[in-house]
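Atoms considered below: every heavy atom in the structure, side chains included; atoms not considered: hydrogens, waters and symmetry mates. Atoms within a ligand are numbered from 1 in the order they appear, just like the ligands themselves.
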Amino acid sequence: MPSEFDIIETYFAPLAGKEGVGLKDDAAHYCPSPSKKVVLSKDMLVESIHFLPDTNAEDLAWKALAVNISDLVAKGAKPKGYLLGLGLPAMPTIDWLKSFAHGLDCAQTVFKCQLFGGDTVRTNKDLTFSVTVIGEADVDAPLRSGAKAGDHIYVSGSLGGACYGLKSFRKEIAKNADLEQTYLRPQPRMDLISLISNYASASADISDGLVADIGHIVDASSVGAHLKAEDIPVNELINTPNLEEILTWGDDYEIVFTVDPSKEEEMLSYHDRHCSTPIHKIGLVKNDQGVTIVGKDETILSYSKSGFNHF
Ligand SMILES: Nc1ncnc2c1ncn2[C@@H]1O[C@H](COP(=O)(O)OP(=O)(O)O)[C@@H](O)[C@H]1O
Ligand SMILES: Cc1ncc(C[n+]2csc(CCOP(=O)(O)OP(=O)(O)O)c2C)c(N)n1
Ligand SMILES: [Mg+2]
């Protein structure tokens, strides 16, 4: 049976960049590129809370890194490296370790980053991942607090795929393998990094749900968001979408951002030339408070919760 150190040497060291010092030292050593801003973020994934038990190791590796990369995208930062915390309830099989390392290798290739270090421990019950990502941006990251009245609100991609993917796994809807993939394999919007860093006045990813996360932006900016329900892009694979659920459930790794109207035309032209992920204008920032969602016939939609909350 391999030891903790065998796992690190055999499966993780080959994924390490030079910053990881072969994964044989006490800490990683990272020298940021000259004149870049370093951006750091962490997200954890816990069995049964963030993913279903028995999810295959390759998909877990992808999701653990992808959800973290999404936060760097939201801050207009390019990934450089990551630290991996792994909590294992028992020694995994060799097949699991190979598959997990392969998943990490694929993910870090797509996200253009390397393993800097981490920690491997035993947990009493649940498989747990804790990833810290390290990124670099050319300019100061767009903050949640940067939105101004008059800014236009955009969201990338489409919403609800992960929510309905999990419903498919749970047999609550007819099986849909594409929606299941959206849940298992979130696609952080790497192609939007430069657009966000050049044009967003504020931005966030919508891991907790669109209403909650645009809510975080407007609260931090002391303004209000007015969203037009029919302009919000819902995943087209969903047969009978429940809009309230889609806007408040979470696990969508799309980006919501605000843009000053004087920069909007240039932003859209930049988007046409450099980005492949679609973006949609969904509303306006106004000089009030909170998130107002306007439905058909100008009715105001009100929801019982704004988004995902662990407690
Ligand atoms: N346990 C913690 N210790 C320190 N900071 C935390 C902790 N949990 C969350 N934060 C910080 O709170 C802020 C909001 O976190 P969160 O809502 O998880 O953001 P996101 O949805 O973008 O991952 C971030 O700045 C994050 O670093
Ligand atoms: C098995 C399972 N049950 C429920 C969910 C729903 N869910 C769990 S965490 C989460 C939101 C995002 O997680 P969080 O830890 O809040 O990430 P952060 O916003 O900090 O990036 C959602 C929608 C899920 N993804 N998987
Ligand atoms: Mg978080």
Side-chain angles (χ1 to χ4, degrees), residues 37-56 59-60 62-77 79 82-83 85 87 125-135 137 140-146 155-156 159-173 179-189 192-193 196 200 202-221 235 238 242 244-257 303-311:
K37 320 275 176 181
V38 176
V39 179
L40 306 162
S41 186
K42 169 188 289 298
D43 272 320
M44 298 181 65
L45 267 71
V46 177
E47 182 176 343
S48 301
I49 305 292
H50 295 86
F51 58 88
L52 295 165
D54 299 326
T55 303
N56 84 60
D59 289 332
L60 288 177
W62 177 276
K63 188 157 184 170
L65 197 49
V67 301
N68 275 276
I69 297 295
S70 177
D71 279 315
L72 291 184
V73 173
K75 300 293 107 179
Y82 62 103
L83 300 167
K125 187 166 157 281
D126 296 317
L127 180 58
T128 305
F129 305 93
S130 168
V131 175
T132 302
V133 277
I134 298 105
D140 285 334
L143 301 177
R144 289 180 178 179
S145 58
V155 74
S156 65
L159 278 53
C163 175
Y164 279 73
L166 182 58
K167 282 182 192 291
S168 172
F169 275 122
R170 288 181 168 154
K171 304 189 185 341
E172 293 166 13
I173 60 169
L179 289 173
E180 290 179 356
Q181 277 302 107
T182 308
Y183 169 73
L184 283 179
R185 294 242 169 191
Q187 303 295 326
R189 301 308 193 178
L192 297 180
I193 292 174
I196 300 290
S203 80
D205 82 350
I206 56 168
S207 51
D208 286 335
L210 176 67
V211 179
D213 284 310
I214 187 67
H216 292 142
I217 287 179
V218 292
D219 289 352
S221 305
N235 190 308
I238 302 170
N242 172 335
E244 171 165 359
E245 196 172 26
I246 286 169
L247 300 188
T248 60
W249 192 79
D251 237 7
D252 285 320
Y253 294 90
E254 299 295 351
I255 307 294
V256 64
F257 62 99
Y303 298 150
S304 57
K305 65 176 174 84
S306 66
F308 187 86
N309 188 324
H310 279 282
F311 301 100

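- If you number the atoms of ligand 1 from 1 as listed, the ones under 4.0 Å from a heavy atom of D43 come out as 23 (O).
- Residue V67 places every heavy atom at 4.0 Å or more from ligand 2.
- Side-chain atoms of D219 and H216 form no donor-acceptor pair, as typed in the model, at a separation below 3.5 Å.
- Neither the backbone nor the side chain of E47 has a heavy atom within less than 4.0 Å of ligand 2.
- Side-chain atoms of E245 and Y164, non-hydrogen and from C-beta on, do get closer than 4.5 Å to each other.
- Partners of Y303 under the ring-ring contact (aromatic ring centres under 6.0 Å, His included) rule, at least two apart in sequence or in another chain, do not exist in this structure.
- Summarising the geometry of F51 relative to V46, their closest heavy-atom pair is CE2-C, 3.5 Å, with the distance given to 0.1 Å.
- Every N/O-N/O distance between W249 and ligand 2 stays at or above 3.5 Å.
- For atom 19 (O) of ligand 1, the candidate residues are K42, H216, M44, R144; the nearest heavy-atom contact is made by R144.
- Heavy-atom proximity to L166, at under 4.0 Å, picks out these atoms of ligand 2: 2 (C), 3 (N), 4 (C), 26 (N).
- A donor and an acceptor atom, one from each side chain of D205 and S207, are located under 3.5 Å apart.
- Counting heavy atoms under 4.0 Å from ligand 2, residue D43 touches it through the side chain alone.
- Among the atoms of S207, some N or O lies under 3.5 angstrom from an N or O of ligand 2.
- By the 6.0 Å and 45° rule, K42 does not stack over the aromatic ring of Y82.
- Only the side chain of Y183 comes within 4.0 Å of ligand 2, judged by heavy-atom distances.
- Atoms of ligand 2 lying under 4.0 Å from at least one heavy atom of D251, given by number and element, are 23 (C), 24 (C), 25 (N).
- Of the polar atoms of D205, none of the N or O atoms is found under 3.5 Å from an N or O of ligand 1, judged by distance alone.
- Within ligand 2, counting atoms from 1 as listed, the ones closer than 4.0 Å to a heavy atom of H310 are 14 (P), 15 (O), 16 (O).
- Taking any N or O of H50, backbone or side chain, at least one lies under 3.5 Å from an N or O belonging to ligand 2.
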